[in-house]
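All values derive from a computational prediction rather than experimental measurement.
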Amino acid sequence: MPREETTHSAEGHKPLGQVLLEKGELTQAQLDEALTLQQRSTERLGQLLSRLGHVDAQTVREALVSQAGLARLDIDNCEIDPDAVAALPAEVAFHHKVLPISTHNRTLSVAMADPFDSAALELLRVLTGLRIQRYYCPEAELLEVSRRVYGSNVARMIADLDVPTLGADTDEEQFTQHLHEMAKEPSIVNLVNLVILEAIEARASDIHVEPFEKDIKVKYRIDGILHEMSPPPKRLQPAMVSRIKIMAGMNIAERFVPQDGHITFDTARGKIDLRVATVPTVFGECVVMRILDRATALIEMGRLGLNQTCLKQLAYLLYRPHGIILVTGPTGSGKTTTLYAALNKIYTPGKKIITIEDPVEYQLDGINQIPVNRKRGLTFANGLRAIVRQDPDIIMVGEIRDRETADIAIRSALTGHLVFSTLHTNDAPGAVTRLLDMGVEAYLLASSLEAVLAQRLVRTICPHCKEAHQPGPEILQRIGPNHANENGGKFFRGKSCRNCRQTGYIGRLGIFELLRVTPAVRQAITRQATAAEIAAAAPDDHHPMREDGFRKAAEGITTLDEVLRVTQDTQTEEALS
């Protein structure tokens with residue numbers, strides 16, 4: 001029989017809100033807010049609390065389990081019957097996040113990540129013909145044991161695949177025809193679909209398929225770090241790459257030049273877009289698929305990670321009638337997400353907003369978005385010229401890459417438009433010097449620039465294995481005594497657990513530096529000051545990006561190691577070393 005952990009069945013008589021209050025997961029004010037909204041809504045209380053951001057979905061589920069008096073399964077110490085596992089196909093088990101444990105007296109005991117999933121329970125009854133005894137098990141624990149019992153979907157499929165290899169004497173036309181045939185094999189179609197699905201479920205931002213001499217590697221980038229997954233055999237490389245290229249609308253006969261494409265992929269939670277790029281390497285084509293999930297990218301400004309002071313200052317700047325606001329940082333630092341959050345905040349039907357992007361990553365309701373198309377002559381510069389003739393109130397330029405685009409953007413700001421754009425610079429003052437280096441006239445830049453927001457993404461500590469941590473003397477010396485003593489010198493880290501894939505981190509949050517262009521900063525720009533001189537002219541409440549990271553580390557949101565890792569290229573490094 002399954003081994004159960006202690007449950008509190010007495011809570012089965014208490015309302016969900018009361019259970020959460022007693023567990024310290026909710027305040028009375030938050031509960032009252034949700035109860036008031038529930039009177040005008042059809043949503044359940046748990047859904048409302050989760051949507052409001054007061055508690056996460058996992059906390060609500062565990063409270064419901066406690067409220068219903070369901071047993072929580074200690075799955076690590078549970079003896080799993082192979083006959084019970086064999087009664088349920090792996091695809092069903094993974095899709096519904098259930099794991100059969102044992103059978104007894106025509107009853108199948110199952111661990112469930114969501115024991116309130118009535119559709120899953122009914123399906124289990126139909127497939128097995130048995131009564132179902134449900135137990136609760138947290139999703140991360142259940143999936144790890146499921147992969148151990150069943151094997152991952154991709155690993156199991158790879159083991160069963162039998163794809164013919166191509167002969168060395170195959171000519172080009174035959175080779176292309178054979179690639180078409182292999183790419184349409186149901187087994188290859190399902191394999192590629194599973195690779196994409198598992199990446200999405202793992203919260204990956206990118207999928208990398210990398211060919212080498214004797215093998216092919218599949219990696220998922222999760223929270224900015226690459227993780228190697230179960231590798232398919234080398235013989236599957238041509239078929240996998242060809243399948244991806246067909247899905248992305250690429251030419252599979254052309255294997256020796258880079259190509260770009262786009263995939264719209266259907267999942268249980270809706271459509272997911274993937275941006276696909278291939279490059280030829282010595283051992284075949286290397287493929288990168290960037291996962292563009294609208295649900296995770298289009299977030300409110302308050303959830304980006306800006307502290308309250310920066311948030312208020314930026315919100316004020318967003319309603320300026322004209323001027324330029326820049327967001328800076330390296331690739332993958334969340335600049336587009338920040339700009340989309342800003343556009344969503346200020347959008348009203350009374351304002352015309354046009355963007356030009358390369359590419360358009362997410363479609364925004366009510367906003368006109370133009371994709372760059374260099375093959376047809378549509379660049380940032382001439383696209384921006386056309387936008388100005390459309391009588392917009394607000395313009396977003398995906399990136400300022402050259403002087404021509406910068407000049408048009410600045411003149412647009414000077415003629416009554418509010419312009420948003422991005423630059424690849426290490427910090428906020430560096431954006432000014434970058435534009436001056438491009439050849440932008442200093443007096444025009446000083447007149448039009450309103451603010452520069454520099455940002456990075458730091459990984460956040462896993463809440464499941466978070467523990468107090470005393471950094472080493474070398475780290476404390478690097479951050480300086482003021483920051484070392486913040487919050488009483490208390491810092492935290494993730495010990496590592498299955499929930500965070502043994503990394504100690506789950507998710508990411510922004511750290512920011514907002515440089516507001518005050519009269520003193522305008523004077524510094526006019527005289528073409530250095531980045532350090534511009535930083536010195538900044539307002540008293542201006543703080544470098546790294547300081548924001550140190551505060552988040554002191555608050556237990558991230559670690560000092562992570563802050564130092566992502567800010568090592570900023571100009572504050574030398575000053576703080």
How close do Thr405 and Leu384 get, heavy atom to heavy atom, and via which atoms?
O-CD2, 3.9 Å
Mark yes or no for whether Thr460, through its side chain, and Gly507, through its backbone, hold a donor-acceptor pair below 3.5 Å.
yes
Main-chain N/O of Asp393 paired with His417 side-chain donor or acceptor, under 3.5 Å:
no
Side-chain heavy-atom pair Val419, Ile325 within 4.5 angstrom cut-off:
no
Considering non-hydrogen atoms only, spot the tightest contact between Val452 and Ala431 and give its length.
CG1-CB, 3.7 Å
What are the two closest heavy atoms between Ile525 and Ala442, and how far apart are they?
O-CB, 3.5 Å
Presence of salt bridge, Arg290 and Glu361, under 4.0 angstrom
yes
Should the pair Asp548-Lys552 be classified as a salt bridge under the 4.0 Å nitrogen-to-oxygen rule?
yes
Apply the side chain to side chain contact (heavy atoms under 4.5 Å, CB included) test between Arg459 and each candidate in Leu509, Val566, Asp223, Ile506; give the one that qualifies.
Asp223
With Lys219 as partner, the option from Glu210, His227, His208 fulfilling side chain to side chain donor-acceptor pair (under 3.5 Å) is Glu210
Find the distance between CZ (Phe512) and OG1 (Thr309) and round it off to the nearest 0.5 Å.
14.0 Å
Would you say that Leu143 contacts Glu201 through its side chain, given a criterion of any heavy-atom pair below 4.5 Å between the two side chains?
no
Would you say Asn344's side chain and Ala341's backbone share a donor-acceptor pair under 3.5 angstrom?
no
Donor-acceptor under 3.5 Å (Gln30 side chain, Thr27 main chain)
yes
Would you indicate whether the side-chain heavy atoms of Met289 and Ile291 approach each other to under 4.5 Å?
no
Look at Arg275 together with Asp260 and state whether they make a salt bridge at an N to O cut-off of under 4.0 Å.
no
Considering all heavy atoms, the nearest Leu414-Ser447 contact
CD2-CB, 3.8 Å
With a sphere of 6.0 Å drawn around CD of Glu467, does it hold more than 12 non-hydrogen atoms of other residues, nucleotides or ligands?
yes
Report the C-alpha distance between Glu562 and Arg493 in whole Å, list the side-chain angles of each, state the deciding distance to 0.1 Å, and finish with yes or no for salt bridge (charged side-chain N to carboxylate O under 4.0 Å, His left out).
CA-CA 10 Å; Glu562 180 69 3; Arg493 69 177 178 186; over 6 Å; no
Measuring from atom OG1 of Thr338 to atom CG of Leu304, what distance do you get when rounded to the nearest 0.5 angstrom?
5.0 Å
Donor-acceptor under 3.5 Å (Gln455 side chain, Gly334 main chain):
yes
Please evaluate residues Glu513 and His543 with respect to the criterion side chain to side chain contact (heavy atoms under 4.5 Å, CB included), reporting the C-alpha separation (whole Å), side-chain torsions for both, the decisive distance (0.1 Å), and the verdict.
CA-CA 6 Å; Glu513 171 188 8; His543 298 286; over 6 Å; no
Start with the C-alpha gap between Thr328 and Leu453, add the side-chain angles, then the distance that decides, and say whether side chain to side chain contact (heavy atoms under 4.5 Å, CB included) holds.
CA-CA 6 Å; Thr328 75; Leu453 181 71; over 6 Å; no
Smallest heavy-atom separation, Arg320 atom then Leu418 atom, equals O-CD2, 3.6 Å
Lys466 side chain near Phe492 side chain, heavy-atom distance below 4.5 Å
yes
Using a strict cut-off of less than 4.0 Å between a Lys/Arg side-chain nitrogen and an Asp/Glu carboxylate oxygen, indicate whether Arg401 and Asp358 qualify as a salt bridge.
yes
Side chain to side chain contact (heavy atoms under 4.5 Å, CB included) for Ile353 and Ile395? Distances and angles first, verdict last.
CA-CA 6 Å; Ile353 303 176; Ile395 300 169; over 6 Å; no
With a 6.0 Å cut-off (strictly less than), is the heavy-atom count around NZ of Lys351, excluding the residue itself, greater than 12?
yes
Nearest-0.5 Å distance, CZ of residue Arg411 to CZ of residue Arg385
11.0 Å
Gap between atom CG of Asn307 and atom CD of Gln313 - 0.5 Å precision
8.0 Å
With side chains defined as the heavy atoms from C-beta onward, is the minimum distance between Met396 and Glu357 less than 4.5 Å?
yes
So, do His262 and Val276 sit near enough that their side-chain heavy atoms are less than 4.5 Å apart?
no
Looking at SG of Cys310 and CE of Met301, how far apart are the two atoms once the value is rounded to the nearest 0.5 Å?
10.0 Å
Stepwise, does the side chain to side chain contact (heavy atoms under 4.5 Å, CB included) test hold for Phe550 with Val563?
CA-CA 7 Å; Phe550 291 156; Val563 174; 3.9 Å; yes
Hey, does the side chain of Arg516 reach the backbone of Ala451 with a donor-acceptor pair shorter than 3.5 angstrom?
no
To the nearest 0.5 Å, what is the distance between CG (Leu318) and CD1 (Ile346)?
5.5 Å
Taking NZ, NE, NH1 and NH2 as the nitrogens, is one of them in Glu300 or Arg303 under 4.0 Å from a carboxylate oxygen of the other?
no
With the side chain counted from C-beta on, respond yes when Thr559 and Ile461 share a heavy-atom pair under 4.5 Å apart, and no when they do not.
yes
Examine distances only and state if a side-chain atom of Thr278 and a backbone atom of Gln259 form a donor-acceptor pair shorter than 3.5 Å.
yes
Contact between Thr433 and Gln528 at the side-chain level, heavy atoms closer than 4.5 Å - yes or no?
no
Kindly write out the residues that satisfy salt bridge (Lys or Arg N to Asp or Glu O under 4.0 Å) with Lys495, not counting sequence neighbours, or none if the list is empty.
none
Surrounding NZ of Lys352 (heavy atoms of other residues, nucleotides or ligands, distance under 6.0 Å), is the total greater than 12?
yes
Output yes when Lys245 and Glu285 qualify as a salt bridge under the 4.0 Å nitrogen-oxygen rule, no when they do not.
yes
Could you tell me whether a side-chain N or O of Glu533 sits under 3.5 Å from a main-chain N or O of Thr530, the two making a donor and an acceptor?
yes
For Val372 and Ile356, which heavy atoms make the closest approach, and how far apart are they?
CG2-CG1, 3.8 Å
Between Gln523 and Ala520, is there a donor-acceptor pair closer than 3.5 Å when you use the side chain of the first and the backbone of the second?
no
Got a donor-acceptor contact below 3.5 angstrom from the Ser421 side chain to the Val397 backbone?
yes
